[in-house]
Amino acid sequence: MTASPTSASERKNPQLGGFSVAVLGLEVRRLLRNRRTMLFTLIFPVFFFLVFGLNAAYANQRVGHGNVSAFIMISMALYGAVLATTSGGAMVSVERALGWSRQLRITPLSPAAYIAIKMLTALVLGFASVLVVYAAGLIVGKPSMPIYAWVTTGICVWIGSLLFAAFGLFVGYLLPSENVMQVIGFLLMLFSFGGGLFIPLSQFSSGLRTAAEFTPLYGLNQLVHYPLVGGVLHWTWVANLMVWLAVFVAGAIWLFRRDTARV
Amino acid sequence: MGSTSTTRASAGESNLSMVSPVGRGGQLEVFEQRAPCASNGSVEKPVTMRDRTEVMGSSGGDDPAMPFAVNLLGVHKSFGTVHAVKGVDLAVRPGEVVAFLGPNGAGKTSTIDMILGLTRPSVGKVEVYGMGPRQAISRGLVSAVMQSGGLLKDFTVAETVAFTAKLFAMSRPVSEVLERAGISDIAGRRVGKCSGGEQQRLRFAMALLPDPELLILDEPTQGMDVEGRRDFWRSIRHDADRGRTIVFATHYLEEADAYADRIVLIRKGEIVADGTASEVKALASGRTVRATLPGMEEAAFRAVPGAEGVEVRGDTVLIHASDSDTVARYLLTSTAARDIEITARGLEEAFLALTGDGDNRADDRLDTPTGERR
Ligand SMILES: Nc1ncnc2c1ncn2[C@@H]1O[C@H](COP(=O)(O)OP(=O)(O)OP(=O)(O)O)[C@@H](O)[C@H]1O
Ligand SMILES: [Mg+2]
């Protein structure tokens, strides 16, 4: 049936350490198959937008170059994208528990390619999440902002959510798989309030507000709204983003190293 | 290979039960017919690893251009205080079918993990086709069926194989390996819904993808039914005949005997015997001569012609020997021994003696039933 085994000299290492679009495609398909992930990352954000973003009491009030409905749409897209990328990164937790990471180690897949696949899978899901919220916004027609703001905020949300792919990896390596999703759900809810995604920070007491400015979604949330809101760009937003990015990436790398060393 | 083909066939057809691999009449008969010819001179002395390494050297096979498929040099592995592998030297030549045979916790999986580069030896060196394990895996020279885990529940069978196939520079077609592993009909099924045996076949299918030079199997037939085992081993033998090198770990003496060209007996992290199935069986067979002989030192008994193992219990001595006649003749003619009793050592008991716990022969961790014992 088979030819005799290929001789040693003809054998090659795979290109890109085993990374390929086909592999990425299968990973995305698998992620989309998870009902819970779909619910949290694609249904909830749209639902929240429809509930909070269309309220006649404030939806049409002006904010910067657009209205409040657009502002809330961006917040909900960010919430969805962040949930998506975090769950994408946290897939490693389940994969480790099932021994899949170990199985992959007896294939040519390099650790760097593995992480790249995880990150890109997270980004694809993040993209889908932004897309459905923005599509919902377009369909209901309530959010209003210039076309360039639709595009730039969408791209900023999507690319910015990569920060949380690193967070997902970090948490995925840190926690056992049984409770990783609960912990992530709770932490992200906390971060979302801290970042001002659900309630404007102006409604917080000043002490709480100062604390909130140090949470990981604060900087990113301010930055993604910037094309809509305009005005002054604070360096603290960028600093917040950079520091948390460094923390998550360093944490993920450290735990990843420890993981491969141990098993 | 040829000389053992009859055993292979009979073992292949017999019930490869998990419960009693050696207790069956059929198997013992086969053994007892063959044992005398093994001890009657065709094999003078069991070949141990030490002999082999001396003959072959440690850096290459008969042909220097053809490196060993696996070469373990003084390999130790410790997990904290657990010394799982204690100085293993082993060279596997391309084309060999080698069984790692030993009880639970012997260190089979630990050794395999080092060959696959999943862990690094604490001391010593591992070479696979003359390169590091990781290199060999990256080129698809080596693949493995692991003892447990390693599957994602939310992929289908076909997706799991397709995913793995894409990771290699070159791979066999997905449909071909599914066919060979006998799971074409469940290709669309979610892995989480597959039975244990089906999952094992799936692991096998994945291992076939790179068309590896060396295939490593860690208790590959665990969870498979009788037919599954037979198909599986038929497929493996087919590969082996085409020149694939195979290393497999097993608890079952029967499996090792039936399918391996060479058996490496591992006990508590050490190789205790290494040779062809019949060599190891000769080593493991033989008889026990029991005699009453007060006042003689153990060292003196060791000097008795033909004695291979000596155990002194008060005034009683037990001497293990493949040539028990010589031992008995010596004891009767040259010493004051009396009450001489000669008993055949069962294959199973001999296996336990080789792989069991030294002083505590009743090794309950072994999968073989504990049968009649002293
Ligand atoms: N990661 C680990 N940490 C601590 N001890 C370990 C680890 N892995 C293996 N061991 C110990 O090393 C010894 C050898 O284990 P190993 O899994 O190699 O045995 P085995 O021969 O494969 O056994 P089995 O037939 O049950 O599969 C055992 O005592 C085991 O408890
Ligand atoms: Mg094992």
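Everything quoted here is computed from the prediction, not taken from an experiment. Proteins come first, then strands; the chains are lettered A, B, ... in the order of their sequence lines, and each starts at number 1.
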Novice: Could you look at B:Thr164 and say if it's the side chain, the backbone, both or neither that has a heavy atom under 4.5 Å from chain A?
Specialist: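 It is the side chain, since no backbone atom gets that close.
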Novice: Report which part of A:Ser20 has an atom under 4.5 Å of a heavy atom belonging to chain B: side chain, backbone, both, or neither.
Specialist: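 Just the side chain, heavy atoms under 4.5 Å.
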Novice: Considering only heavy atoms and a distance below 4.5 Å, find which of B:Ile137, B:Leu116, B:Asp113 pairs most often with chain A.
Specialist: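 Of the candidates given, the most pairs with chain A belong to B:Ile137.
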Novice: Anything in residues 22-40 of chain A with a heavy-atom distance to chain B below 4.5 Å? Please list those residues in order.
Specialist: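 Residues A:Ala22, A:Val23, A:Leu26, A:Glu27, A:Arg29, A:Arg30, A:Arg33 are the ones that qualify, each having a heavy atom under 4.5 Å from chain B.
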Novice: Can you tell me which portion of B:Ser148 sits under 4.5 Å from chain A's heavy atoms? Options are side chain, backbone, both or neither.
Specialist: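 The answer is neither part of B:Ser148.
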Novice: Of all the residues in residues 195-207 of chain B, which have a heavy atom that comes within less than 4.5 Å of a heavy atom in chain A?
Specialist: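 So the qualifying residues are B:Met206.
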Novice: May I ask you to name which of A:Leu109, A:Val94, A:Thr107 has the most heavy-atom pairs under 4.5 Å with chain B?
Specialist: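 When all of A:Leu109, A:Val94, A:Thr107 are compared, A:Thr107 has the most.
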Novice: Which pairs count as ring-ring contact (aromatic ring centres under 6.0 Å, His included) when at least one residue sits in residues 170-194 of chain B, sequence neighbours excluded?
Specialist: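 Matches after skipping sequence neighbours: none remain.
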Novice: Has A:Phe186 got more than 12 heavy atoms of other residues, nucleotides or ligands less than 6.0 Å from its CZ?
Specialist: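 No - once you tally the heavy atoms of other residues, nucleotides and ligands closer than 6.0 Å, there are 12 at most.
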Novice: Using a 3.5 Å distance criterion without hydrogens, assess whether the side chain of A:Arg102 forms a donor-acceptor pair with backbone atoms of B:Gly149.
Specialist: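 Side chain of A:Arg102 to backbone of B:Gly149, a donor-acceptor pair under 3.5 Å: no, none is there.
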Novice: Are there more than 12 heavy atoms of other residues, nucleotides or ligands under 6.0 Å from atom CZ of A:Phe19?
Specialist: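 More than 12 within 6.0 Å, yes.
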Novice: Among the options B:Ala136, B:Gly140, B:Ala165, B:Pro133, pick out the one with the most heavy-atom pairs lying under 4.5 Å from chain A.
Specialist: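 It is B:Gly140.
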Novice: Please flag which part of B:Arg120 lies under 4.5 Å from any non-hydrogen atom of chain A: side chain, backbone, both or neither.
Specialist: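 Neither part; nothing is under 4.5 Å.
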Novice: Between atom CG of A:Leu98 and atom CG of B:Leu151, what is the distance when rounded to the nearest 0.5 Å?
Specialist: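 Answer rounded to 0.5 Å: 8.5 Å.
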Novice: With a 4.5 angstrom heavy-atom cut-off, could you sort out which part of B:Ala162 is near chain A: side chain, backbone, both or neither?
Specialist: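 Interface part for B:Ala162: both.
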Novice: Is there side-chain contact between A:Ile106 and B:Ile216, with at least one heavy-atom pair below 4.5 Å?
Specialist: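 Of all side-chain heavy-atom pairs linking B:Ile216 with A:Ile106, none is under 4.5 Å.
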Novice: Can you tell me if B:Lys166 has over 12 outside heavy atoms packed within less than 6.0 Å of its NZ?
Specialist: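 No - once you tally the heavy atoms of other residues, nucleotides and ligands closer than 6.0 Å, there are 12 at most.
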Novice: Does B:Phe248 have any ring-ring contact (aromatic ring centres under 6.0 Å, His included) partners at least two apart in sequence or in another chain, and if so, which?
Specialist: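 B:Trp233.
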Novice: Should the pair A:Trp100 and B:Phe155 be assigned to parallel (<30°), tilted (30 to 60°) or perpendicular (>60°) ring geometry?
Specialist: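 Correct class here is perpendicular.
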